[in-house]
Each structure stands twice: as structure tokens, then as C-alpha cells.
Amino acid sequence: MLAMGMPFSTSAADNNLPQMGESAPGANAKASLAKDAVCTRCHDESETAPVLSLYQTKHGVRGDARTPNCQSCHGESEKHLKGDPNVKGRPQPDVVFKKGAYEPSDDKTRAGQCLTCHKGGARSNWDGGQHQNNQVACNNCHTVHAPADKILNKKTQTEVCFTCHKEQRADTHKISTHPIQAGKVVCADCHNPHGSAGPKLMKRNTVTETCYTCHAEKRGPLLFEHQPVNEDCTNCHTPHGSNIAPLLRSRPPFLCQECHDGAHASGTPAGPNSAGNQNGLAISPSANITGRACLNCHSVIHGSNSPAGGFLQR
Ligand code: HEC
Ligand code: HEC
Ligand code: HEC
Ligand code: HEC
Ligand code: HEC
Ligand code: HEC
Ligand code: HEC
Ligand code: HEC
Ligand code: HEC
Ligand code: HEC
């Protein structure tokens, strides 16, 4: 096992200095490995799956008293250890995470094992979250017996999410996208996959607050605000990808006309949803439907701080 590299490395021990009243890291490590030996006497390097790679991960930092043993995750598994004379073959361990020799345990049992240690923090809203509600458990995203857990690395995280979310994968190949394929923006920059107090597993409480974490310049208060911007960026934008740049839900003027469906008037204002008044059209229809349409004049669509910036024109 030492050949695998990690368990007794001094750096690991240094980072995990024992708390008051705890025994020395060396003693912890020994006690911990002795516990694992209950299982590792059979499950060793000869396994087809790399079970002992666990020791190259944070779950294998043997100086740390909080470190799990095989049984903290798989359960005491007494029947598996001793065999059951009434059962043909070896009975399964208490908790099986992945289909192999045995059927996996149900999602709540699997997640429950991990949550004995990882309940708070980012996972405070796990219960009732969209993943928990739809039979997704921790190990549907996380891999424990591997030197690197793909989901924790920005370069490989999206691969894991895309195995289930094909629609979002397709979106990231459209003309206008967040640089998701390039690995610069990843799913977990906007979503908390463990559950959220906000909609759609947003990392912050609202979509807009989440967008502001990177697009802070769009945050008000501004002298002249455009109401739908403060409400929800997705009134106009789609986050994962669109064929209309920049990340627009539809093309202006149609996008604008979803809300501004009255006649455009000079002197006779045609605000949102006002009854169609055809008399006062100030601009020719062709100016509306070509190029940047409404944006030719209303160029500061997110709001303006210019004293002359009413009507979002500068
Ligand atoms: C932190 C929780 C955790 C600990 C500790 C743990 N396991 Fe696992 N085990 C899992 C999960 C999750 C899987 C599913 C595959 C994966 O994530 O790598 C698994 C899979 C397995 C498998 C099936 C191999 C496979 O990949 O299908 C075996 C055998 C196994 N564990 C044995 C052990 C032994 C022996 C130990 C102690 C050295 C141990 N486990 C410690 C969580 C754990
Ligand atoms: C006496 C030997 C022995 C001991 C001790 C033992 N196992 Fe097993 N384990 C087996 C055998 C045999 C299988 C059947 C699967 C196979 O053929 O690899 C198995 C299967 C498993 C599997 C499913 C692997 C898969 O590929 O689906 C897990 C998980 C597992 N054991 C965990 C544990 C844990 C955790 C412990 C300690 C509590 C433990 N085992 C102790 C012999 C043992
Ligand atoms: C007995 C307690 C315990 C159990 C059970 C447990 N873990 Fe952990 N886990 C830890 C500790 C301790 C760390 C290291 C924390 C640190 O370094 O701050 C950790 C770290 C992690 C990390 C971060 C790894 C990294 O490289 O940053 C992930 C992900 C994780 N655990 C997932 C799981 C999953 C999934 C399960 C269930 C299959 C599980 N844990 C079960 C104690 C546990
Ligand atoms: C839908 C995929 C997914 C599921 C399901 C999932 N995780 Fe995670 N987990 C992630 C991602 C992505 C990150 C990285 C988060 C980041 O970079 O902000 C992460 C990070 C972590 C971390 C390390 C960082 C931290 O928050 O402390 C731990 C520990 C962890 N998860 C435990 C769990 C446990 C326990 C469960 C089950 C209750 C679970 N995860 C279920 C995707 C998932
Ligand atoms: C094992 C399959 C699986 C994996 C892997 C997975 N998800 Fe999910 N996800 C689901 C299921 C099932 C649902 C609930 C049904 C639905 O809304 O599609 C869901 C729901 C969601 C939702 C909420 C949808 C809504 O309508 O509220 C978001 C956001 C999400 N997942 C993001 C992610 C992210 C980000 C990752 C990677 C970190 C990820 N998922 C990984 C299966 C998965
Ligand atoms: C820039 C922020 C951002 C990033 C990055 C991001 N999302 Fe989203 N996602 C959102 C917002 C906002 C919504 C809700 C609005 C919507 O449905 O368009 C959403 C909705 C979802 C939904 C629910 C779909 C639906 O139609 O309701 C899923 C599933 C999802 N995202 C998965 C992912 C996955 C997987 C990734 C990584 C490849 C990802 N997201 C990256 C912001 C983001
Ligand atoms: C993690 C940081 C991050 C978050 C969170 C984020 N963005 Fe972005 N956004 C970026 C980056 C990086 C770019 C690319 C900038 C560039 O290419 O110059 C970008 C570009 C954009 C663009 C312009 C796209 C183009 O084709 O020019 C729009 C529109 C946008 N984001 C909207 C949003 C919305 C809406 C949200 C919230 C749902 C959001 N962003 C959340 C980082 C983020
Ligand atoms: C009323 C519709 C609308 C809403 C709501 C909206 N945007 Fe935009 N956004 C646009 C349009 C139209 C453009 C293209 C402007 C152009 O081409 O001059 C744009 C461009 C962008 C750009 C790229 C150019 C730039 O200005 O930096 C980013 C980033 C952006 N929006 C972020 C956001 C964020 C973040 C929110 C929410 C706080 C938001 N948008 C809400 C319509 C909107
Ligand atoms: C989701 C609905 C919605 C969309 C889409 C939308 N707007 Fe608005 N817009 C509003 C609301 C609500 C107001 C505030 C009306 C009021 O104060 O009476 C407003 C106000 C305005 C104003 C007047 C600002 C002022 O200072 O009085 C202009 C100009 C405007 N929008 C242009 C646009 C353009 C151009 C687009 C397309 C890029 C657009 N809007 C898309 C809802 C929307
Ligand atoms: C040729 C320049 C120009 C174009 C193109 C243009 N507008 Fe305007 N718009 C203005 C001016 C100037 C005002 C100032 C108020 C006025 O004079 O009535 C205005 C005012 C507005 C107002 C607020 C006042 C009112 O009439 O309710 C809204 C909403 C608006 N425009 C929406 C749009 C939409 C939606 C489009 C695209 C379909 C558009 N505008 C295209 C120049 C333009």
C-alpha cells in the first residue's frame, strides 16, 4: 500500500495536525489501516476495479481522525464478512454503490452513508433538491475509488453532467454560448448540484444574483433601469447556448415585442402591452426588422447612468 504513494506522506500529516486530546497521526494511521484490513485482506491490488486508489484521495489521508474506513461507507457488512450458511455464495455488503457482483443499494441508502459526514455546508438543501427527488445519489456524480474525481475538476466536470443532461450539451455547441466547452465556465459556477434555496438549483437565491457573481457591472442601481433586467436575466437570455448572439432567447425586434407589443410612438408613448395604436409609428418597420433593430436606438438595453439616458438610448 505504501507503494501507492500517499498514506504516510509527511505533507498529508502536516496538513492534518491532530486536535487536542487526539492521538498522534501515526497511531491514527495504524488504527485506521487495521480497520480497513478487515476488508483489504480480500480486496487488494488484485481487484479489477482500483479499490486501493482510495488511499490517493482525501478519504485516504490516514493521519486524519475523520477519515472513513471501508465500513463507514459500505456498512459493517457482517454477513459479507462471515458468510451466511443459509445463502448460496457470499452475501452482499450492507451498502453497494455500483452494479457489479451485486445490485446497488437504493439511492437514499447510498446518499445516507455519505451524509453521515457531509451533511451541512453546500449540502444543506440536499433533501428535497431536484437530484435527491429524482433518485440521483452522491456516487452518480462522484467517484471515490479513483485518484481523481472527474466532477471536481473543471476540465472534466461537464462530461459527468452531460451523461444525463444531453439537452444542455447540445446547447453548448450553438453559435453563442458561455465558454463551457473551453472549461472556463462550468456547471457548478451557476448551479449547486447538491440542492439550492433558489430555482433550478441556482448557486445563489435567484438567477440574477447568480449572474451578478461574474457580471457585476450589470448590477444596479442605475439612474434609468430596464425593469426586466433586474427581474430575471433569462427574460431575454438563455444561459447555456443560443443561435442568436449574445445568448438571446429570440431575435430583436421580436424579443422586445414579446413585451412591447403596442405601436411605437413619438409623443404617443406605446409602452408595454398598451393597446395597439397604429397612428403614431415613429420609425419605419424596415428599421425595426433589419440588423440590430430596436437596439440601433435603444443601445444601452441593461439600463443607463447617463443623465440623458432615459429611454435606454445612451
Ligand atoms: C468514502 C466512501 C467509501 C469508502 C471509505 C470505501 N468505499 Fe468502496 N465504494 C464506494 C463507492 C462510492 C463505490 C462505487 C465506485 C466508486 O465510486 O469508485 C465503491 C465501490 C467499491 C467496490 C466495488 C468496485 C467498483 O468500483 O465497482 C469495492 C470492492 C469496494 N468499494 C471496496 C472497498 C474497500 C475494501 C474499502 C476500504 C479500503 C472501501 N471500499 C472504502 C465508497 C467507499
Ligand atoms: C473473505 C473475503 C472477503 C472479505 C473479508 C470481504 N469481501 Fe467483499 N467481496 C468478496 C467477494 C468474493 C466478493 C464477490 C465479488 C467478486 O467476485 O469480486 C465481494 C464483493 C464485494 C463488493 C462488490 C464488488 C463488485 O465488484 O460488485 C463490495 C463493495 C465489497 N465486497 C466490499 C467489501 C467490504 C467493504 C468489506 C469489509 C467490510 C469486504 N468486502 C470484505 C470477498 C470478501
Ligand atoms: C466517515 C466520514 C466520511 C464519509 C462517510 C464520507 N466522507 Fe467524504 N470526506 C471525508 C473527509 C474527512 C474528507 C476530507 C475533507 C477535507 O479535507 O476537508 C472528505 C472529502 C470528500 C470530498 C472532497 C474530496 C476532494 O478531493 O476535495 C468529496 C467529494 C467527498 N468526500 C465525497 C464523499 C462521498 C461521495 C461519500 C459517500 C460515498 C463520502 N464522501 C463519505 C469524510 C467522509
Ligand atoms: C449532480 C452531481 C452531484 C451530486 C449528485 C453530488 N455532488 Fe458533490 N459535488 C458536485 C460538484 C460539481 C462539486 C464541485 C462543486 C464546486 O466546485 O463548487 C461537488 C463537490 C462536493 C464536495 C467537495 C466540496 C464541498 O462542497 O465540500 C463534497 C464533500 C461533496 N461534493 C459531497 C457530496 C455528497 C455527500 C453528495 C450526496 C449527498 C454529493 N456530493 C452529491 C456534484 C455532485
Ligand atoms: C445520473 C444522472 C444525472 C447527473 C450525472 C446529473 N444530473 Fe442533474 N438531474 C438529473 C435528474 C434525473 C434531474 C431531475 C429531472 C430533470 O429535471 O431533468 C436533474 C435535475 C437537474 C437540474 C434542475 C432542473 C430543474 O428543472 O429544476 C439541474 C440544474 C441539474 N440537474 C444540473 C446538473 C449538473 C450541474 C450536473 C453536474 C454537476 C448534473 N445535473 C448531473 C440527473 C442527473
Ligand atoms: C452561466 C450560468 C449557467 C451555467 C454555466 C450552466 N447553467 Fe444550467 N441553468 C442556468 C439557468 C439560469 C437556468 C434556468 C433558466 C433556464 O431554464 O434557461 C439553468 C437551467 C438548467 C437546467 C434545467 C433545464 C430547464 O429547462 O429548466 C439544467 C438541467 C441545467 N441548467 C444543467 C446545466 C449543466 C449540465 C451545466 C453545465 C454543462 C449548466 N447547466 C451550466 C444557468 C447556468
Ligand atoms: C462564472 C462566471 C459567470 C457567470 C456566473 C455568468 N457568466 Fe455570463 N459570461 C461569463 C464569461 C467568462 C463570458 C464570456 C466573456 C467573453 O467571451 O468575453 C460570459 C458571457 C456572457 C454573455 C455574452 C455572450 C456572448 O456571446 O458574447 C452573456 C449574454 C452572459 N454571459 C449572460 C449571463 C447570464 C444571463 C448569466 C446568469 C444566468 C451569466 N452570464 C452568468 C462568465 C459568467
Ligand atoms: C430586456 C432584455 C435583456 C435582459 C433582461 C438582459 N439582457 Fe443582457 N443583453 C440583451 C441584449 C439585447 C444584448 C445585446 C446588446 C447589444 O448587442 O448591444 C445583451 C447583451 C449582454 C451581454 C454582452 C454584452 C454586454 O453588454 O456586456 C451580457 C454579458 C449580458 N447581456 C448580461 C446580462 C445579465 C447578467 C442580465 C441580468 C442581470 C441581462 N443581460 C439581462 C438583452 C437583455
Ligand atoms: C420581459 C419583458 C420585456 C422585454 C423582453 C423587453 N422589455 Fe423593455 N420594458 C419592459 C418593462 C416592464 C418596462 C418598463 C415599462 C414602464 O415603466 O412602463 C420596459 C421599458 C422599456 C423602455 C423605456 C425605458 C424608459 O426609460 O422609460 C424601452 C426603451 C425599452 N423597454 C426597450 C426595450 C427593447 C429595445 C427591448 C428588446 C431588446 C425590450 N425593451 C425588451 C419589459 C420588457
Ligand atoms: C430610430 C430609433 C428608434 C428605434 C429603431 C426604436 N426606437 Fe423606441 N424610442 C425611440 C425614441 C427616440 C424614444 C423616445 C420617446 C419618444 O420619442 O416617444 C423611444 C421610446 C421607446 C419606448 C418608451 C416610450 C414609449 O413609446 O412607450 C419604448 C418601450 C420603445 N421605444 C421600444 C422600442 C422597441 C421595442 C423598438 C423595436 C421594435 C424600438 N423602440 C425601436 C427611438 C427608437
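This one's a predicted model, so the numbers in the text were calculated from it and none came from an experiment. One-based numbering, in listed order, for ligands and for the atoms of each.
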**Fill in**
Within the 4.0 Å heavy-atom cut-off, what I151 brings close to ligand 5 is side chain
**Prompt:** So, for atom 8 (Fe) of ligand 5, does the protein have a heavy atom nearer than 4.0 Å?
**Reply:** yes
**Item:** Gap between atom NZ of K174 and atom CG of L247 - 0.5 Å precision
**Value:** 10.5 Å
**Check: V160 main-chain N/O paired with T163 side-chain donor or acceptor under 3.5 Å** = yes
**Request:** Could you list which atoms of ligand 4 come closer than 4.0 Å to a heavy atom of H118?
**Result:** 29 (C), 35 (C)
**Message:** Taking 4.0 Å as the limit for heavy-atom contacts, which would you say applies to L152 with ligand 4: side chain only, backbone only, both, or neither?
**Reply:** side chain
**Request:** Could you tell me whether ligand 9 has any atom less than 4.0 Å away from a heavy atom of F224?
**Result:** no
**Asked** How about atom 24 (C) of ligand 4: does it have a protein heavy atom within less than 4.0 Å?
**Response** no
**Message:** Counting only heavy atoms closer than 4.0 Å, does ligand 5 sit against the backbone of K200, its side chain, both, or neither?
**Reply:** both
**Message:** I want to confirm something. Looking only at heavy atoms, which of H302, Q227, E225, H226 is nearest to atom 14 (C) of ligand 9?
**Reply:** Q227
**Asked** Closest non-hydrogen protein atom to atom 35 (C) of ligand 5, residue and atom name please, with distance?
**Response** C187 CB, 3.4 Å
**E159 and N153, any side-chain heavy atoms less than 4.5 Å apart** = no
**Request:** State the atoms of ligand 4, each with its element, that fall below the 4.0 Å cut-off from a heavy-atom position in A137.
**Result:** 5 (C)
**Complete:** Under 4.0 Å from one or more heavy atoms of C259, ligand 9 contributes atoms 1 (C), 2 (C), 3 (C), 4 (C), 5 (C), 42 (C), 43 (C)
**Request:** Taking only heavy atoms of I301 into account, list the atoms of ligand 9 that are under 4.0 Å away from them.
**Result:** 33 (C), 34 (C), 35 (C), 36 (C), 38 (C)
**T234 side chain near R249 side chain, heavy-atom distance below 4.5 Å** = yes
**Prompt:** S72 and N69: side-chain hydrogen bond (donor to acceptor under 3.5 Å, both in side chains), yes or no, with the steps?
**Reply:** CA-CA 5 Å; S72 334; N69 293 112; 4.5 Å; no
**Prompt:** If you measure every N/O of C294 against every N/O of ligand 9, is any gap under 3.5 Å?
**Reply:** no
**Message:** What do you get for the angle at atom 8 (Fe) of ligand 4 between NE2 on H142 and NE2 on H194, to the nearest 10 degrees?
**Reply:** 180°
**Asked** Relative to atom 28 (C) of ligand 4, which among R110, Q157, K154, R123 owns the nearest non-hydrogen atom?
**Response** R123
**Protein heavy atom at shortest distance from atom 37 (C) of ligand 4** = C138 SG, 1.9 Å
Using residues 90-98 as the side-chain source, report each donor-acceptor pair under 3.5 Å to any protein atom, sequence neighbours left out, with the distance given to one decimal.
residue	atom	partner	partner atom	Å
R90	NH1	H80	O	2.6
D94	OD2	E76	N	3.4
D94	OD2	S77	N	2.8

**Prompt:** Any side-chain heavy atom of N139 within less than 4.5 Å of one from V144?
**Reply:** no
**Request:** Not counting sequence neighbours, list each pair that qualifies as a ring-ring contact (aromatic ring centres under 6.0 Å, His included) and has a residue in residues 174-217.
**Result:** none
**Prompt:** Is there a side-chain contact between R219 and E209, using heavy atoms and a 4.5 Å cut-off?
**Reply:** yes
**Request:** Please identify which atoms of ligand 5 are closer than 4.0 Å to at least one heavy atom of V160.
**Result:** 5 (C)
**Complete:** Within 4.0 Å of some non-hydrogen atom of L255, the atoms of ligand 9 are 5 (C)
**Request:** Return yes or no for this condition: an N or O of H298 is under 3.5 Å from an N or O of ligand 9.
**Result:** no
**Complete:** The reported gap from OG in S32 to OH in Y55 (rounded to nearest 0.5 angstrom) is 7.0 Å
**Message:** Less than 4.0 Å from atom 3 (C) of ligand 5, is there any heavy atom belonging to the protein?
**Reply:** yes
**Request:** Enter the distance from D64:CG to T67:OG1 here, rounded to the nearest 0.5 Å.
**Result:** 4.0 Å
**Prompt:** Does any non-hydrogen side-chain atom of N305 lie less than 4.5 Å from one of L223?
**Reply:** yes
**Message:** Less than 4.5 Å apart, side chain to side chain, heavy atoms only: is that true for H237 and L248?
**Reply:** yes
**Request:** Search all heavy atoms of T158 against all heavy atoms of C187 and return the closest pair with its distance.
**Result:** CG2-SG, 3.7 Å
**Complete:** What one should report as the nearest heavy-atom pair of P252 and C256 is CB-SG, 4.2 Å
**Request:** Check each atom of ligand 4 against the heavy atoms of L115 and keep those under 4.0 Å away; list them by number with element.
**Result:** 38 (C)
**Item:** Mode of P252 contact toward ligand 9 - side chain, backbone, both, neither (heavy atoms, under 4.0 Å)
**Value:** neither
**Request:** Just the protein N/O/S atoms under 2.8 Å from atom 8 (Fe) of ligand 5, please, no waters.
**Result:** H131 NE2, H165 NE2
**Request:** Between H260 and ligand 9, find which residue part has any heavy-atom pair under 4.0 Å and reply side chain, backbone, both or neither.
**Result:** side chain
**H226 side chain vs G303 backbone, donor-acceptor pair below 3.5 Å** = no
Report, one line per pair, each donor and acceptor closer than 3.5 Å where one atom sits in a side chain of residues 130-138; sequence neighbours left out.
residue	atom	partner	partner atom	Å
H131	ND1	P193	O	2.9
Q132	OE1	G128	N	3.1
N133	ND2	G128	O	3.2
N134	ND2	Q130	O	2.7

